[in-house]
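What follows is a short report on a single structure.
Throughout, a chain's letter reflects where its sequence line sits, starting with A, and its residues are numbered from 1. Treat the numbers as computed from the prediction; the structure is a model and nothing was measured.
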Amino acid sequence: MTGSPMSVPLPAALDAIAQDFLAMSARDRLTLLLDFSDDLPELPERYVGHSELLERVDECQSPLFLVVEVEPARDAASSQDATVHLFFQAPQEAPTTRGFAGILHEGLDRLSVSEVLAVPDDAPYRFGLAEAVSPLRLRGMVAMLSRIKRQVRVRSAA
Amino acid sequence: MAVAADDNSKFTDYAHPERLVSTDWLAGQLGDGAVANRDLVVLESDEDVLLYDTGHIPGAVKIDWHLDLNDPVTRDYVNGERFAQVLGERGIGRDTTVVIYGDKSNWWAAYALWVFTLFGHPDVRLLDGGRAKWVAEGREMTREVPAQTAVDYPVVERHDSPIRAFKDDVLVHIGQPLVDVRSPGEFSGELLHMPDYPQEGAMRGGHIPGARSVPWARAAAEDGTFRSRAELEAIYLTEQGLTPTDDVVAYCRIGERSSHTWFVLTHLLGFKKVRNYDGSWTEWGNAVQVPIELGPR
């Protein structure tokens, strides 16, 4: 799948992350994934203790919650230009899941609605992680992405 | 055995006390240099492939059930050549004492131990209480990955039949003791997978006819250690009516949780013939025309 001429390109920030992963050995990819896990931003205060506001991603091996905010553009040109903000919560004991969330956060946070919706659904397979963590585990990241896009769609619908 | 057993008084009641070590014992071995001089290799086996990397017991080496112990193509365990490679590169020889610990009350550690047993590794033990107990006791953790010197591990043929059951074995076993260690909802057929876990693609819910529902975690105390022999006997012998001479098959979803129960029945209660059906519900719940029973028991 990686590098197929037919594939839809990743947004620049996500693509840069993918290139970093692909330049590494499988072992180093795990180390980088751990960095993303370590650096996953904390849930903002307004969501702490409000799990009813968060969506649970059941497909992840460990409990992961996410929420999407869509901030309208200043000139309110189009809802497609609104800015997407992503927030995640996952326990420290689930570093793989946190790492997936960290990649999506760094690669997608602050993009526009149209940019997030254009992210190809096979994006999680473009980091060379299948051989590092196993394809089974990667399904959690696929589910995260699809739930992010669904929330963006719902929240940006005018 | 390369390293003397832990003579902890709790373990002496068990049928095979040499299969368990305590956190105190392991800390002592680390202090005495058993790990440094490679008489003892400590392995961490977790559900999450990165958990080891966030911090582990000093000197411990990672082994991953999926990447290291499962064949990447066929739904099976690795063969003798690959097993020899996985162990050899971790500094494990055939006579090395191996202690395995992990997350989730040693659920994945027990799975690794069971696979080691398929290859007849002589001295493999579990750390009672696993990773959580070590952490809860405030013991040292490190992110430093130990330098490993590869050793030769012989290519040993995997010997499945004594402790592993296949679907056809289970079909002829129906009527004899079967232990379903999944959650009650999975057992009754109400759920197709574990609560809070991803659906792994079973077409049908329920359990194998005649199976008893004994969720695996009943064998673990709150701190993740195994329950005492008396407590385990109350569950498996008194309540479930099993006897150590029974021919027992245990199963779950893919054979990991049932490895924990296999360990309890075999090594702690001394059952002579316990097989783990690792095809478990992901095979049975998809197989055509196999009998299925619904409802609680």
Query raised in the report: Are any of the side-chain nitrogens in B/Asp64 or A/Arg137 under 4.0 Å away from the carboxylate oxygens of its partner?
Result: yes
**Report entry** SB check B/Asp53 A/Arg27 (cutoff 4.0 Å)
**Finding:** no
Report task. Heavy-atom distances under 4.5 Å only: say whether B/Val135 touches chain A with side chain, backbone, both or neither. Result -> neither
Query raised in the report: Can you tell me how far CZ of B/Arg143 sits from CG of A/Asp38, rounded to the nearest 0.5 angstrom?
Result: 4.0 Å
Report task. Using a cut-off of 6.0 Å, state whether more than 12 heavy atoms not belonging to A/Glu106 lie near its atom CD. Result -> no
Requested in this report: For residues B/Lys62 and A/Leu30, determine if any side-chain heavy atom of one lies less than 4.5 Å from a side-chain heavy atom of the other.
Outcome: yes
Report task. Please check if atom CZ in A/Arg110 has more than 12 non-hydrogen atoms from other residues, nucleotides or ligands closer than 6.0 Å. Result -> no
Query - Top contributor to chain A contacts, counting heavy-atom pairs under 4.5 Å, from B/Leu50, B/Thr54, B/Leu51 - result: B/Leu50
